[in-house]
Amino acid sequence: MATMKDVARLACVSTSTVSHVINNDRFVSEAIRARVEAAIKTLNYAPSALARSLKMRQTHTIGMLITASSNPFYSEVVRGVERSCFERGYSLVLCNTEGDEQRMNRNLETLLQKRVDGLLLLCTETHLPSPEIMQRYPTIPTVMMDWSPFDGGSDLIEDNSLLGGDIATQHLIDKGFERIACIAGPLDKTPARLRLEGYRTAMARAGLTVPSGYEYVANFEFSGGFEAMQNLLALDVPPQAVFCSNDAMALGAYQALWQAGLSVPGDMALVGYDDIELARYMTPPLTTVHQPKDELGELAVKVLIQRMAQPDMQQQRLQATPELVIRGSC
């Protein structure tokens with residue numbers, strides 16, 4: 001593989017001149033530039049990104065740790081992150097934890113060893129990254145996305161899940177339903193817990209009771225919503241309406257209702273959460289709480305780049321405001 005020295009030798013110039021031509025950071029006469037470019041073409045020379053990153057102490061790479069899931073919410077957030085990285089001249093390295101603590105920390109160490117300029121964490125684990133690993137790389141800026149509570153000074157971007165659960169349930173109450181159930185996500189995860197609390201708040205404010213069995217804790221996946229709805233339908237007095245704590249579980253609930261010969265919203269009203277792209281194409285389209293996923297990804301990258309430029313900047317904790325999107329499932 002040709003080196004910069006090889007290019008300089010063939011073009012009869014110094015290596016610094018070759019560098020100036022490649023980086024276009026200083027005047028070089030047209031004649032010399034032509035010789036250097038011809039030598040580069042002849043030798044099929046490609047600048048070393050590694051060497052450049054060592055010299056500049058920047059890799060223009062952002063690492064992202066994510067718990068991959070069948071839930072399209074995560075892929076839609078990653079799409080926004082990747083687009084924002086591309087627009088700002090950064091590459092994105094994505095690692096999947098698959099919900100495993102050992103794999104999470106191993107991937108975390110790998111990303112940090114590769115000297116990424118910054119790190120985004122969007123994981124569903126209840127365990128936090130290894131403090132020992134994070135302490136070994138204290139200068140790497142980190143933004144946590146919707147992962148709290150947490151220790152340390154990382155910036156945090158989160159959804160106002162308490163408000164989202166409240167407005168979703170209140171919509172069902174405003175439609176005249178009284179027997180309203182909630183399919184919650186795993187309660188060791190902060191967003192799931194807060195959405196359930198929002199449901200309870202709206203029910204209490206309306207003076208409505210929550211019968212035994214009306215709160216069903218599932219897994220935030222399609223299968224969880226399917227199983228939860230089957231259990232709700234088996235109750236002596238099934239609910240009239242259900243708030244599902246994310247759209248993936250709402251889609252699973254649709255399937256359970258269809259298999260039972262029931263219709264939405266004729267036999268059961270549903271409200272989801274996240275507003276994944278698939279929600280609008282359900283039959284009927286799903287009423288849901290919108291999370292601005294592309295905007296969340298863009299905001300995360302923006303905050304991370306700000307942190308990289310200003311390491312001493314005060315910690316940022318930003319909260320997105322959820323909005324109800326009314327469609328046909330109520």
Checklist entry - Going from CD1 on Ile62 to CD1 on Ile140, what distance comes out if it is rounded to the nearest 0.5 angstrom? => result 11.5 Å
Checklist entry - Given the rule that I, L, V, M, F, W and Y join up when any side-chain heavy atoms are under 4.5 Å apart, are Met308 and Val301 in one cluster? => result yes
Checklist outcome for this item: d(Asp247 CG, His290 NE2) to nearest 0.5 Å is 11.0 Å
Residues 250-258, side-chain donor-acceptor partners within the protein, below 3.5 Å, at least two apart:
| unit_1 | atom_1 | unit_2 | atom_2 | d |
| --- | --- | --- | --- | --- |
| Tyr254 | OH | Pro284 | O | 2.7 |

Checklist entry - How about Gln170 and Asp174: does a side-chain donor come under 3.5 Å of a side-chain acceptor? => result yes
Item to check | Ala192 to Phe220 - nearest heavy-atom pair and separation | outcome: CB-CZ, 3.6 Å
Item to check | 4.5 Å side-chain heavy-atom contact, Phe27 and His20 | outcome: no
Checklist entry - What do the steps show when you test Gln240 against Glu178 for side-chain contact (heavy atoms from CB on, under 4.5 Å), and what is the final call? => result CA-CA 7 Å; Gln240 302 165 307; Glu178 296 182 352; 4.2 Å; yes
Checklist entry - Is there side-chain contact between Ile66 and Val78, with at least one heavy-atom pair below 4.5 Å? => result yes
Next on the checklist: Heavy-atom count check: over 12 atoms from other residues, nucleotides or ligands less than 6.0 Å from Glu295 CD?
Outcome noted: yes
Checklist entry - How long is the span from the NZ atom in Lys293 to the OG atom in Ser75, to the nearest 0.5 Å? => result 9.5 Å
Next on the checklist: Within the 4.5 Å heavy-atom criterion, are Asn71 and Tyr74 side-chain neighbours or not?
Outcome noted: yes
Item to check | Tyr216 OH to Ile183 CD1 distance, which is reported to the nearest 0.5 Å | outcome: 9.0 Å
Checklist entry - So, do Gln259 and Met229 sit near enough that their side-chain heavy atoms are less than 4.5 Å apart? => result no
Item to check | Heavy atoms from other residues, nucleotides or ligands near CZ of Arg106 exceed 12 (cutoff 6.0 Å) | outcome: no
Checklist entry - Between Arg327 and Asp275, does at least one N-O distance fall below 4.0 Å, as a salt bridge requires? => result yes
Checklist entry - CD of Glu87: more than 12 outside heavy atoms within 6.0 angstrom? => result yes
Checklist entry - What distance do Cys182 atom SG and Tyr199 atom OH have between them, rounded to the nearest 0.5 Å? => result 6.0 Å
Item to check | Cation-pi, Tyr273 ring and Arg195 (6.0 angstrom, 45 degrees) | outcome: yes
Checklist entry - Between the side chains of Thr97 and Thr67, does any donor sit under 3.5 Å from an acceptor? => result yes
Checklist entry - Tell me, do Met64 and Val93 make a side-chain contact under 4.5 Å, heavy atoms counted? => result no
Checklist entry - In terms of side-chain heavy atoms, does Thr110 have a donor or acceptor partner in Asn107 at a distance below 3.5 Å? => result no
Checklist outcome for this item: So CD of Gln319 and CG of Leu162: to nearest 0.5 Å the spacing works out to 9.0 Å
Checklist entry - Would you say the side chains of Gln316 and Arg307 form a donor-acceptor pair under 3.5 Å? => result no
Checklist entry - When you look at CD of Gln306, are more than 12 heavy atoms from neighbouring residues, nucleotides or ligands closer to it than 6.0 Å? => result yes
Checklist outcome for this item: Only residue of Asp155, Leu120, Leu156 satisfying side chain to side chain contact (heavy atoms under 4.5 Å, CB included) with Val303 is Asp155
Next on the checklist: Here's a test for you: under side-chain hydrogen bond (donor to acceptor under 3.5 Å, both in side chains), which of Arg205, Arg200, His171 qualifies with Asp166?
Outcome noted: Arg205
Checklist entry - Can you check whether Val289 reaches Pro322 side chain to side chain, under 4.5 Å on heavy atoms? => result yes
Next on the checklist: Any carboxylate oxygen within less than 4.0 angstrom of a Lys/Arg side-chain nitrogen, looking at Glu277 and Arg79?
Outcome noted: yes
